[in-house]
Amino acid sequence: MRTDSLKILMLEDNATDAELVQRLLLKQGLNHTFKVSIDRAEYVTALKNFKPDIILSDHSLPEFNSTEALKIGRSLFPKIPFILVTGAASEEFAAEIIKSGADDYILKDRMTRLPSAIKAAVQQRITEKEKLEALELARNQIELAKERERVAMEAANIGIYDYDLGTGALVTSSRCNEIFWFKETRARSEYLALMHPDDIEIRNKAFGQSKITGRLSYELRIIKPDKSIAWIRVEGIVHKNKQGTPERIIGSILDITEFKYLLHQKDNFIAVASHELKTPLTTLKAYTYILKQNFYNKKNDRNEIFIKKMERQINKLSLLVHNLLDSNEIISGELTSNDLYFNIDTAVTEVVTELKLSSDKKIVMELAAPDCKVCADKDKIEQVMINLINNAIKFSPGADKIIVKTRSESNEVVFGVEDFGIGIKDENIKKIFQQFYRDDNDLGYTFPGLGLGLFISSEIVKKARGKIQVKSKKGKGSIFSFSLPCVRT
Ligand code: ADP
């Protein structure tokens with residue numbers, strides 16, 4: 001439908017009036033094709049064959065009138081605009097016909113308004129049509145987005161739930177039910193009943209925290225009807241009302257049994273590999289020691305150098321294996337701790353004296369906690385110190401010194417290592433203590449290591465009721481530090 005070339009159907013038994021209207025429209029420059037019907041039969045045929053863009057209708061015709069014409073027009077083509085063009089009409093009648101769906105009415109003695117009324121009525125239909133089309137398009141896009149989301153969820157095997165904290169009502173997707181071996185949504189208590197009794201506390205804790213943090217996240221085991229175990233990961237977002245009271249939790253449930261199995265496989269592999277490596281290494285170490293003694297006695301300098309190199313490599317290997325073993329103990333919750341009281345500054349001095357022997361960098365000591373004793377596993381805390389100092393040396397290839405510091409703060413002692421090396425990007429700092437995490441540096445070469453030292457260090461410090469942290473600036477350097485509870489002597 002266009003306003004610049006219109007098909008106009010006029011229902012009018014007075015030929016002069018019809019001609020008058022047509023002339024007026026031409027005079028006003030309204031480009032159109034005009035058809036006149038003089039009675040009901042012609043009107044119905046013209047509606048079907050001529051397919052007008054707009055209907056102009058006189059009110060009373062022989063055995064026909066505008067009210068009926070409007071009814072027929074609307075029933076056949078509900079969207080065609082209809083304007084009553086009449087010699088005389090009471091206000092009530094005009095109101096009535098507009099109420100019945102006519103777009104406008106024009107009195108024959110005020111015909112000049114007709115062209116603009118036609119344009120306005122047609123334009124309104126065009127606007128309505130465009131609005132409808134836009135609405136339809138938006139609806140289709142929403143449907144498409146929903147469909148895409150549904151397919152993606154299905155492909156990822158994600159179950160969805162919506163839990164009303166006020167009423168306790170629960171809505172779940174079919175995948176969500178499937179994960180719990182249900183055919184349809186059940187009461188919330190039935191889902192909870194499948195959770196492993198030893199893991200219920202994990203859920204309760206996460207649930208409690210979610211009301212503060214706004215996010216729910218936990219992993220736990222569920223017991224299948226055949227008594228086997230499946231792992232699920234539950235995520236959710238807490239929706240609050242205007243007063244800030246939590247109202248609903250909406251989120252996802254994922255079956256992570258396969259993922260957990262692979263993790264277990266990996267841990268198993270590390271356990272086996274490290275044990276297998278440990279035995280030959282121990283033997284090798286013993287024979288190297290004996291050989292070294294023999295060569296010393298024979299004063300064979302060249303062999304002595306080779307043996308020393310061999311020994312260094314074996315020590316590196318041995319450190320790797322120990323790291324793997326430690327990491328494994330941590331994962332299986334078997335990290336032991338032989339706690340005793342020791343002076344932290346003395347321990348630092350011992351560690352640094354030892355490391356100075358093999359380091360080409362200056363290790364500056366600034367110790368300020370002479371009276372602080374900590375109760376922890378001394379070997380393990382020294383292992384953390386060694387790891388942090390070795391990292392500082394390793395990751396500052398262009399610098400000539402590192403600084404090792406201690407200080408005491410109320411009931412704590414803080415140990416820190418500062419380097420002026422490659423530093424760490426802000427966004428990677430939070431990952432630095434993860435098992436096997438190694439930062440990608442853009443220096444074009446890689447530093448040796450398995451990404452276990454900081455993971456082990458952080459677990460050791462945690463076990464000793466301490467905190468480990470890092471401050472770092474890419475390209476400038478890093479300060480790794482840990483604090484431990486201490487007593488003063
Ligand atoms: P490894 O050094 O054996 O790879 P770590 O767990 O000790 O493992 O360290 C993990 C990662 O953290 C390193 O690979 C490195 O990218 C980064 N990192 C650790 N210490 C420093 C440091 N002092 N400066 C810059 N990056 C560091």
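Both counts, for ligands and for their atoms, begin at 1 and track the order of listing. Along the sequence shown, the residues carry numbers beginning at 1.
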(message) Looking at E219 and K260, is there a salt bridge between them, counting it only when a charged N and a carboxylate O are closer than 4.0 Å?
(response) yes
(message) Suppose we measure from atom 8 (O) of ligand 1 to each protein heavy atom; which comes out shortest, and what is that distance?
(response) G451 CA, 3.2 Å
(message) Tell me whether I432 has any N or O atom under 3.5 angstrom from an N or O of ligand 1.
(response) no
(request) Enumerate the atoms of ligand 1 whose separation from the nearest heavy atom of D439 is less than 4.0 angstrom. (result) 14 (O), 16 (O)
(request) Give the numbers and elements of all ligand 1 atoms closer than 4.0 Å to a heavy atom of I424. (result) 25 (C), 26 (N), 27 (C)
(request) Check each atom of ligand 1 against the heavy atoms of K394 and keep those under 4.0 Å away; list them by number with element. (result) 1 (P), 2 (O), 3 (O)
(message) Please confirm whether the ring centroid of F180 lies under 6.0 Å from the ring centroid of Y191.
(response) yes
(message) Evaluate L454 for polar contact with ligand 1, using N/O atom pairs at a separation under 3.5 Å.
(response) yes
(message) Using only atom types and a distance under 3.5 Å, with no angle test, would you say the side chain of S173 pairs donor to acceptor with the backbone of I160?
(response) yes
(message) Give me the residue, atom name and distance of the protein heavy atom closest to atom 7 (O) of ligand 1.
(response) N391 ND2, 2.7 Å
(request) Check whether any side-chain heavy atom of Q435 lies under 4.5 Å from a side-chain heavy atom of K266, and answer yes or no. (result) yes
(request) Please determine, by modelled atom types, if D377 and Q383 share a side-chain donor-acceptor pair under 3.5 angstrom. (result) no
Atom pairs and distances, donor-acceptor, side-chain atoms in residues 198-206, under 3.5 Å, two or more places apart:
from: D199; atom 1: OD1; to: R221; atom 2: NH2; distance (Å): 2.9
from: D199; atom 1: OD2; to: R221; atom 2: N; distance (Å): 2.8
from: D199; atom 1: OD2; to: R221; atom 2: NE; distance (Å): 2.9

(message) Within the 4.5 Å heavy-atom criterion, are L6 and N31 side-chain neighbours or not?
(response) no
(message) Counting only nitrogen or oxygen atoms and a 3.5 angstrom limit, does G453 reach ligand 1?
(response) yes
(request) Identify the protein heavy atom lying closest to atom 23 (N) of ligand 1, giving its residue, its atom name and the separation to 0.1 Å. (result) D419 OD2, 2.9 Å
(request) For this output row, return yes or no: ring centroids of F395 and F447 closer than 6.0 angstrom. (result) yes
(message) To check your reading of the model: name the closest protein heavy atom to atom 21 (C) of ligand 1, its residue, and the distance in Å.
(response) F395 CD1, 3.4 Å
(message) Tell me whether G423 reaches ligand 1 (any heavy atom closer than 4.0 angstrom to a ligand atom).
(response) yes
(message) Which option wins on minimum heavy-atom distance to atom 11 (C) of ligand 1: F433, Y437, F455, F480?
(response) Y437
(message) Which of the numbered atoms in ligand 1 are under 4.0 angstrom from any heavy atom belonging to L452?
(response) 6 (O), 8 (O)
